[in-house]
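Structure first, then comments.
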Amino acid sequence: MTDTQQKIAAKAFAEYWDGWGYEKGESQPFWLSPLRDVYGVEHLEQFITFEEQVYLDQTSFIDGMIPSTRVMIEQKGLGKI
């Protein structure tokens with residue numbers, strides 16, 4: 001994918017997801033879309049995991065993990081802090 005194609009794909013991603021914000025129901029498609037369509041990641045099921053269980057003061061879940069890049073994703077719904 002060329003830089004121009006990637007910019008077009010990123011813009012399309014941003015336009016598509018503008019205004020969405022239901023965390024539980026949209027989280028996984030939200031992250032799979034740019035990884036596949038903007039960054040060209042193949043075999044997504046081997047690249048990112050979702051809802052990994054961790055224990056802090058209680059059992060919690062990490063929204064997304066990308067082990068190869070040491071990225072941990074925690075997101076909130078639109079308008080939530």
Side-chain angles (χ1 to χ4, degrees):
M1 175 180 296
T2 67
D3 286 346
T4 301
Q5 290 170 322
Q6 192 173 36
K7 287 177 185 177
I8 291 168
K11 186 173 192 261
F13 165 79
E15 289 172 354
Y16 177 80
W17 286 99
D18 184 36
W20 292 54
Y22 175 56
E23 178 191 4
K24 292 292 181 194
E26 299 166 351
S27 179
Q28 293 178 17
F30 176 85
W31 289 104
L32 293 173
S33 178
L35 290 171
R36 180 192 58 235
D37 301 334
V38 178
Y39 296 107
V41 175
E42 297 179 357
H43 310 291
L44 288 168
E45 70 283 355
Q46 297 171 11
F47 186 75
I48 187 170
T49 60
F50 296 100
E51 298 300 324
E52 285 200 23
Q53 187 174 342
V54 294
Y55 185 79
L56 305 171
D57 292 337
Q58 62 197 24
T59 300
S60 298
F61 296 89
I62 298 170
D63 292 328
M65 290 284 294
I66 305 174
S68 63
T69 59
R70 297 182 181 185
V71 169
M72 179 173 63
I73 299 165
E74 177 60 33
Q75 70 182 63
K76 298 295 174 212
L78 185 63
K80 295 183 181 180
I81 297 177

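To the nearest 0.5 angstrom, Thr49 atom OG1 is 9.0 Å from Ile73 atom CD1. Asp63 CG to Glu52 CD: the interatomic distance, rounded to the nearest 0.5 Å, is 11.0 Å. Between His43 atom NE2 and Ile48 atom CD1 the span is 16.0 Å, to the nearest 0.5 Å. With rounding to the nearest 0.5 Å, the separation of CG in Leu32 from CG in Leu44 is 5.5 Å. Within the model, atoms CD of Glu26 and CD of Gln75 stand 9.5 Å from one another, a figure rounded to the nearest 0.5 Å.
When hydrophobic clusters are built by joining Ile, Leu, Val, Met, Phe, Trp and Tyr residues whose side-chain heavy atoms come closer than 4.5 Å, directly or via intermediates, Ile62 is not grouped with Ile66. Under the 4.5 Å side-chain heavy-atom criterion for Ile, Leu, Val, Met, Phe, Trp and Tyr, Met72 and Val54 are members of the same hydrophobic cluster. Met65 is not connected to Phe61 by any chain of hydrophobic side-chain contacts under 4.5 Å among Ile, Leu, Val, Met, Phe, Trp and Tyr, and they are in different clusters.
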- Where do Gln5 and Lys7 land on the side-chain contact (heavy atoms from CB on, under 4.5 Å) test, with the steps shown first? CA-CA 5 Å; Gln5 290 170 322; Lys7 287 177 185 177; over 6 Å; no
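For the pair Tyr16 (side chain) and Asp18 (backbone), a donor-acceptor distance under 3.5 Å is absent. The backbone N or O of Val38 sits less than 3.5 Å from a side-chain atom of Gln6, completing a donor-acceptor pair.
Residues meeting the ring-ring contact (aromatic ring centres under 6.0 Å, His included) test with Phe30, sequence neighbours left out: Phe13, Trp17. Scored by the salt bridge (Lys or Arg N to Asp or Glu O under 4.0 Å) test, Glu15 finds Lys11 as partners (sequence neighbours excluded). In terms of the side-chain hydrogen bond (donor to acceptor under 3.5 Å, both in side chains) criterion, Ser60 has no residue partners (sequence neighbours excluded).
The local environment of CZ in Phe50 is crowded, with over 12 non-hydrogen atoms from other residues, nucleotides or ligands closer than 6.0 Å. For CD of Gln46, the number of neighbouring non-hydrogen atoms (other residues, nucleotides, ligands) closer than 6.0 Å is greater than 12.
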